[in-house]
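Note that these values count all heavy atoms, side chains included, but never hydrogens, waters or copies made by symmetry. So that the names make sense, note that chain A is the first sequence line, chain B the second, and so on, each numbered from 1.
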Amino acid sequence: MSPEPRRIAVFGGVYSNHLALAAAIGDAAARGAETLYCLGDLGAFGPHPDRVFPLLIDHDVRVLRGNYDDSIARGLDDCQCGYTDPRDNYFARLSYRYTFRNTHERWRRWMGRLPGEIRLEANGARVLMCHGSPRRMNEFLWESATSTQFLTWLAREHEADIMLATHTGIPWQRSLPGGGLFANVGVLGRPANDGRTEVWYALLDFGADTGAQPNLEFVPVGYDHERLAGEMRDEELPEEFVETILTGWWTTCLEVLPARERARGRF
Amino acid sequence: MPGSALPIEPQRDIARARKIHSPAPASNGAGPAAESRADAPLVRLDHLDTLWFQVTGTICNLRCVHCFISCAPDNDSFEFLSLAEVEDWLRRSETWGVKEYYFTGGEPFMHPDLPAMLERTLERGPASVLTNGTLLPARALKPIARTARAASYSLEMRVSLDGPSPEMNDPIRGDGTFDRAMEGVRKLLEEGFLPIITATQVWEPERDEEVRQAFVARLRGLGYENPRLKILPSLRIGREADRVRPYTNEEHVTEAMMEGYDERQLLCASSRVVTNRGIYACPILIETPAARMGSTLEEASRPVRLDESACYTCWLHGAICSNYGGIGQDVS
Ligand code: SF4
Ligand code: SF4
Ligand SMILES: [Fe+2]
C-alpha cells in the first residue's frame, strides 16, 4: 500500500493547453507535491490536443474522465455542456470538431478507459475527486449558485469528506459544517475570467496539524500564453478564444454563468 | 410568471428527443378517440434540486393570453404564501439538500413580503424571481438589490417579454406592457442586476434568430450590452389552449417514449412547487388536481405520473428548470 500523501496537486480541465499543463506540472513539483491529479476535460478550446497526453503519462498524473473526454472517446455529437445560446453553441461545436479531428484514435481509446472518479484516503479524510459533481459528470457547481446544504447532501450521499471538482473554470472552495470541504479546483485550460493571464490549480496539504480538513491553496500559474495564442492562430482557432488567452476575460460559453460570476467578467 | 417558467434547449433537445422517438404527428384534434392514459410513465424524484414557491398564487397584475395557469388580478384560486410559511419551507428544505429556490406566481412583486422572503432565502442558497417586470416598485426593488449585493449567492431576476417590440409583445401580454417591462429591465440594470429576459416562443420557430437579434438590439438600446436571453416553448394549457389550440389526443407521453430518454431533464424529476394549497408536482400543473402531491415534502417526493398533455411539451423540449442550462449525466 502506498503511503498516504501529504501534499498533492489537483489540476482541472486542460483544454489542450499543453503549455500551461507543462508549467503547472513543473510548478507543482517545485512546491513538493507528491502526487499529481487531473480531473478531466483534456481537450477543447486550445491547439494540438495530442500534445497533452504524453505530458500526463510522463509525469504520472492520475487522470479521471471529464465530459469532453467522454464525448470524444465515445464519438458523441457534442461535448455535453448543454449550451442553448446559439453563439455559445456555435463556438462549442467548432472547438469540439477541431478537437475530435485532431485526437488520435489511440488517445480516444485511452480516454475511454479513464475512471469517472478517484477516491483516496488522507489523514483519515475520505477524498472524492470528480469532474462536474460527485453525481453528474456535467453538472456545473458555481460558487454563487450552489447552496452549502446541497454540498452537504452530496458529501453524505457519496460518502466523502473532501470533494474536488472542476468543469466550470473558476476556482472556489467552501468549508462544510462538520469539517468537510468542497473545492472547485479551476482549470489550466484558460484563465478564470478575472482579467489575468495566469491559470489556476489547487495544492492540498494533509499535514498532521491540519486535522481531517486539508489546507487548500489555489496557485496561479504563468506560462507562455503568447506562444499558445500563436499556435491557436496557426491552427485557425477562433480569434475569440485567442482573446481570452491574451486578456484573461471569457468571450464565449457565458450563458451558463450565474449572475454573480457573470457580473465579475467583462462580457 | 407562468408564461416563462420553462427554459428550454430548443433545437438540441428536440433533436435528442426525436432521435429516440419520433413525436406523434400533430393532428387538428380530429384524431382517434381519446386513448387511455394507463400507459403514462412515472417519473421518480431524482433529487429535490429546486424548490419553487408559488408565492402570489394565481394572482397577477396582467392577464396574458398565453398564461398556462390563467393568472389574473381576480384569479384567487391560489393565494399568497405568507412570510412565515416560506421561512418554514426553507427550514424544512435543508435536510433535503435543496440547491436553489425559485419564486413565481402570478406576479411575485405583488407580494409585500417579497424583500424579506428573498433575504431569508439568500442566507440559504441562490434564488430566482420570475417577474413580468411591470411593477418593481422602488420600495421593494431597493431593499432586494441591497440584499442581493450583500449575499454570497446569486439572485437571478427573470423578466418575461414575448417579443422585441410592442407590436409583438403587447397583443400577448397586454397594452403598454412592453414599455413597462423595458422600464423594469432598465431599473434592474440600474440596481446592478443582469436580468434574464425570457420569451415564450409565440412566433414561428424559423424566426428564432431574427427575433433573438431584435431582442439584443432593443436591450442594447437600454445599455444592456450583453443581454441574457432565454426562449421558452409555449404550453398549450390554461388560456394558451384557447389562443393556439389545445393538445391533441396523440400528444402525450407514453412508457415507450421514456426508453433511452434521460428523464432527469424533466422539471418534475428535480423539483416541487409549494402553493398555499399544498405541494404540486411542478409549477406548470398547479391547476391539475391530480398533480397535488401532498402537504409535506415527504409525501410530495413520490413519483409523478406524466398523464397531462403539457408533459408532452416537456418531453419534447427537454425542459430544465435551471437558469443556466447544463442537464445532468451520470458519472458511471
Ligand atoms: S405575467 Fe402573464 S404569463 Fe405571467 S403570471 Fe401574469 S398573466 Fe400569467
Ligand atoms: S408538466 Fe409534466 S413532465 Fe412537465 S414538469 Fe410537470 S409533471 Fe413533469
Ligand atoms: Fe467539463
Side-chain angles (χ1 to χ4, degrees), chain A residues 64-65 67 70-71 76-78 80-89 115-117 128 130-158 167-168 172 174 251 253-263 265-267, chain B residues 7-13 15-16 19 46-49 93-101 121-128 148-149 151-157 192-196 208-209 212-213 225-226 228-231 264-265 318 320 322-332:
Chain A
L64 59 81
R65 182 164 31 100
N67 56 298
D70 188 64
S71 289
L76 302 187
D77 294 342
D78 66 31
Q80 308 175 64
C81 284
Y83 298 123
T84 64
D85 182 84
R87 186 170 176 275
D88 284 354
N89 245 327
E117 62 175 43
L128 168 55
C130 57
H131 182 73
S133 82
R135 66 171 181 172
R136 283 173 209 171
M137 185 185 272
N138 65 349
E139 180 164 25
F140 293 104
L141 295 181
W142 304 100
E143 182 171 22
S144 86
T146 308
S147 69
T148 301
Q149 64 199 22
F150 174 70
L151 292 172
T152 303
W153 173 80
L154 276 180
R156 194 171 61 229
E157 196 79 355
H158 296 270
H167 187 55
T168 66
W172 61 281
R174 193 179 297 158
T251 55
C253 304
L254 293 159
E255 174 202 2
V256 293
L257 284 176
R260 181 57 61 85
E261 283 80 357
R262 179 88 181 237
R266 176 171 288 176
F267 297 102
Chain B
I8 56 150
E9 308 183 356
Q11 284 80 26
R12 192 161 164 274
D13 279 302
R16 185 189 303 155
K19 214 184 300 170
D46 181 55
H47 174 249
L48 191 62
D49 284 7
S93 71
E94 176 168 348
T95 52
W96 289 80
V98 169
K99 195 178 172 190
E100 50 178 333
Y101 300 92
T121 305
L122 286 164
E123 287 162 9
R124 203 171 268 291
S128 298
R149 280 192 291 271
S152 52
Y153 295 115
S154 278
L155 173 57
E156 300 285 2
M157 288 291 178
F193 289 103
L194 298 175
I196 300 172
D208 273 356
E209 195 43 40
R212 192 178 278 274
Q213 279 170 16
E225 213 30 60
N226 301 294
R228 302 162 84 199
L229 190 60
K230 284 270 176 199
I231 296 178
R264 286 168 314 171
Q265 61 190 308
I320 47 169
S322 159
N323 293 327
Y324 353 100
I327 55 152
Q329 184 215 346
D330 261 328
V331 171
S332 58

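A salt bridge links B:E156 to B:R228: one of the charged nitrogens lies within less than 4.0 Å of a carboxylate oxygen. At a threshold of 4.0 Å, the pair B:K99-B:D49 does not count as salt-bridged, since none of the basic side-chain nitrogens sits closer than that to a carboxylate oxygen. Between B:K230 and A:E255, at least one side-chain nitrogen of the basic residue sits less than 4.0 Å from a carboxylate oxygen of the acidic one, meeting the salt-bridge criterion.
In this structure, chain A has a heavy atom under 4.5 Å from the side chain of B:Y101, while its backbone stays farther away. A:R174 touches chain B through its side chain: at least one heavy atom from C-beta onward sits under 4.5 Å away, while N, CA, C and O do not. Contacts of B:L155 with chain A are made by backbone atoms alone, with heavy-atom separations under 4.5 Å and no side-chain atom involved. Looking at B:S93, the atoms closer than 4.5 Å to chain A (heavy atoms on both sides) sit in the backbone and in the side chain alike.
Checked against side-chain hydrogen bond (donor to acceptor under 3.5 Å, both in side chains), B:E94 has the following partners two or more places apart in sequence or in another chain: B:R124. Qualifying side-chain hydrogen bond (donor to acceptor under 3.5 Å, both in side chains) partners for A:S71, counting only residues two or more places apart in sequence or in other chains: A:Q80.
Taking the six-membered ring for Trp and the full ring otherwise, the centers of A:W153 and B:H47 sit less than 6.0 Å from each other.
The candidate from B:G192, B:A151, B:G125 with the greatest count of non-hydrogen atom pairs under 4.5 Å with chain A is B:A151. Interface summary for chain B: among A:T152, A:L151, A:T146, the most heavy-atom pairs under 4.5 angstrom belong to A:T146. If you tally non-hydrogen atom pairs under 4.5 Å between each of A:R260, A:E261, A:E143 and chain B, the highest count goes to A:R260.
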